[in-house]
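Worth knowing before you read on, the calculation uses all heavy atoms, side chains too, and leaves out hydrogens, waters and symmetry mates.
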Amino acid sequence: MTSADVREILEIELPEQQPVTKESLFSDDKKQKVFKKEKTFKKPQGMHREVWGLLFTDPRDAPPLLPSDTSTGYKQAKAKIGRSRVRPWKWMPFHNPARKDGAVFYHWRRMVDEGKDYAFSRFNKQVPVPTYSDLEYQQHLHDENWTREETDHLFGLCRRFDLRFIIIKDRYDRERYPDRTVEDLKERYYHISNVLAKMRALPGPEAKLFMFDADHDRRRKLQLEKLYNRTQEDVEEEETLMQELRKIEQRKREREKKAQDLQKLISAADNSDRRLQKKQPKKHMVAHKLSKGGATVTSGEASTTPDTTGIKFPEFKTSGVTLRSHRMKLPTSLGQKKSKAIEQLLEELGIEQSPMPTEEVATHFNDVRCDMVLLYELKLAHANCEFEVQTLKHRLEALVPGRLASLNLPASAAATTTPSTSGEAGGDSPGKTRKISEIIDVVGNAEHPSVRANLFESIEAWDRNTISPSRKRRAALEQRDIMKKLKGNKS
Amino acid sequence: MSDYGSEGGGRVKGLTIVKPIVYGSIARYFGKKREEDGHTHQWNVYVKPYRNEDMSTYVKKIHFKLHESYANQNRIVTKPPYEVTETGWGEFEIVIKIYFIDPTERPVTLYQFLRLFQSQANIMLGNKNVVSEFYDELIFHEPTSMMQQLLSSSRQLTLGAWKHETDFVDKEEKTLSAILAAKSKIRQEIAELNDKLKVSKEALKVLKDEISKAEAEGEEGKDAGIKT
């Protein structure tokens, strides 16, 4: 039992003692050395270990065990002196074949190299500028805008300045000759060199001609200047225009696709129509093989198209046992909106959501649902069409006021614009049995379908909710301007 | 019976045999809540053939999977009548799996929601039992020869009358007539809508032409203005 334990039990407070350490036991009277903590610099984050090692070495670190090798390094510890014989050097004159004036210069050289030409003269290369004789000039190189002297002057400059046309243009004698652009000079030079090359061409490999298109070059330089001189605003404007263009193109593609789908729909609707009509005469004309054949052909082709526009029900070609109700199951590929529309219609028509599955019932049920989907799609297409008609009307009004009245548009299109007729239609519908087409709330949401009794009202509501026709028209006008601007910019 | 081998003979191509069945549940209220386990209803879930025949010629067994709170939740019935009678207090879904004598045929699954509680209409009508019955058909597409034999040779099950809770003949008639009526109505609607759509499209075309004309005129006017 230590005193500490006793103290704890009795809960007597005592000042905290320093814990017993080896030093305290072994040290005599020496002062307790408190090791001052030397400042160590911490390696900053992100810096590599080796880099930090270059900058700072911890003095507390032990020296490396292997001494580093100082032989390879920038500063040589010892000069390397070879054992071979000394080569004598001499102060001597040398000849530089690159010089034309025959000046003689002196420099130190090894005795071995005496008499040799200046080694670096081989780098004196000249650009091969062709020369022409008077005869050649008169025969082939004559030009209205260029006099003989001017051409000679040009070629002299070319030779002097190694075909550096910018300098040649700068040094061009503007007092004696007219002001020429770089493209003009180049054009003349290359034309002449090509003609001469063709003339002098040896039989065998064709002469290498350098085709220079001055016009293209001029335009290119103009383009570069324009590009260089664009301000920041110009750049931003261009960027936005490009984006707008892409959006317009995308919308155009979508519209085209919708138009195609529309075509398919209409053809499908036509086919199903034809099927209906053909079914009745079929009963009468059983004897006539021709008509029978015709009817079966059309029914055959009609059966294929509704399959693609309607719903594809899972067919069971595999051998095995299935339930009839399986055949009536709706495919999952049908979207939520379409399924909802089908549900509503079935309810309205007083049919169970899944009726008892006998063979006849199953086939007719599937057909009915196919037709419902077709109806729904037609509704959508019609609504879209009407909307487009509206927008175009507004646009026309904006462009040419009064032109609209002069047109005699088909009746259904006109009906949607005037609120009086829609009110009429709204008044009529509660009286009569509601049309199926009005039951499906195509445009609005399927939340409260019973509220939106009138399809016309729903179209107008949609108008208000989405972009209003006037805004659409303005957007369309803007698009047109943008297209024009882009076309202007390109040229 | 000739030996069909382990595979049951080859499959008969192009043959489809249809066996209509009826499945469902009937439930009856005790009148009070039973003290010991809180059960309030007695119910019976069943699978019967639509016509008076013996399903066991082609059905090996029918497996009724009840709620997990039931002891032995998997009830297997191998001979008719294919039904399970139990008591309980709550509604749940029963999975009915029909296994066939032919081992190559996969079992067919049906789902029956066990209805215990009466709807308002039922209460008004004064029905004692709560019936939830459905009609369905087993379609055997290209069965093996063995299966074909079994399917065609079913005999009458009982000597007495064979009837179901719901009048399916009547129901079928009503459903079919409703569907056909709906079909013709929808076809009509489609035709009407088609016409409307065509009209709209024409209007669209007319408007587009007008607009392009107007734009062209506008352009000319503008150009003329610039030139002068």
**Student:** Between Glu172(B) and Val361(A), what is the shortest heavy-atom contact and its length?
**Tutor:** CG-CG2, 4.2 Å

**Student:** Going from NZ on Lys379(A) to CD1 on Ile190(B), what distance comes out if it is rounded to the nearest 0.5 angstrom?
**Tutor:** 12.0 Å

**Student:** I'd like to know if Asp371(A) pairs up with Lys183(B) as an ion pair, taking the criterion as any Lys NZ or Arg NE/NH1/NH2 lying under 4.0 Å from an Asp or Glu carboxylate oxygen.
**Tutor:** no

**Student:** Look up atom CG in Asp195(B) and atom NE2 in His382(A), then write down how far apart they are to the nearest 0.5 Å.
**Tutor:** 10.0 Å

**Student:** Compare every heavy atom of Ser200(B) with every heavy atom of Glu386(A), then report the nearest pair and how far apart it is.
**Tutor:** OE2-OG, 2.7 Å

**Student:** Any side-chain heavy atom of Phe134(B) sitting closer than 4.5 Å to one from Met356(A)?
**Tutor:** no

**Student:** Which one of Val368(A), Leu349(A), Asp367(A) satisfies the side-chain contact (heavy atoms from CB on, under 4.5 Å) criterion with Ile179(B)?
**Tutor:** Val368(A)

**Student:** If you count heavy atoms of other groups shown closer than 6.0 angstrom to CD of Gln120(B), is the number above 12?
**Tutor:** no

**Student:** For Arg115(B), I'd like to know if atom CZ has over 12 heavy atoms of other residues, nucleotides or ligands within 6.0 Å.
**Tutor:** no

**Student:** Does Glu93(B) have more than 12 heavy atoms from other residues, nucleotides or ligands lying within 6.0 Å of its CD?
**Tutor:** yes

**Student:** With chain A, which of Thr175(B), Leu180(B), Leu176(B) has the greatest number of heavy-atom pairs at distances under 4.5 Å?
**Tutor:** Leu176(B)

**Student:** Hey, what do you get for CG (Leu378(A)) to CD (Glu189(B)), rounding to the nearest 0.5 Å?
**Tutor:** 11.0 Å

**Student:** Using non-hydrogen atoms and a 4.5 Å limit, figure out which bit of Lys208(B) sits close to chain A: side chain, backbone, both or neither.
**Tutor:** both

**Student:** What's the shortest heavy-atom distance between Ile351(A) and Ala182(B), and which atoms?
**Tutor:** CD1-CB, 3.7 Å

**Student:** Quick check: do Lys201(B) and Cys385(A) have side-chain heavy atoms less than 4.5 Å from each other?
**Tutor:** yes

**Student:** Does atom CD of Glu347(A) have more than 12 heavy-atom neighbours from other groups under 6.0 Å away?
**Tutor:** no

**Student:** Would you call Lys171(B) and Glu352(A) a salt bridge, taking side-chain N to carboxylate O under 4.0 Å as the test?
**Tutor:** yes

**Student:** Distance from Ile186(B) atom CD1 to Arg369(A) atom CZ, nearest 0.5 Å?
**Tutor:** 11.5 Å

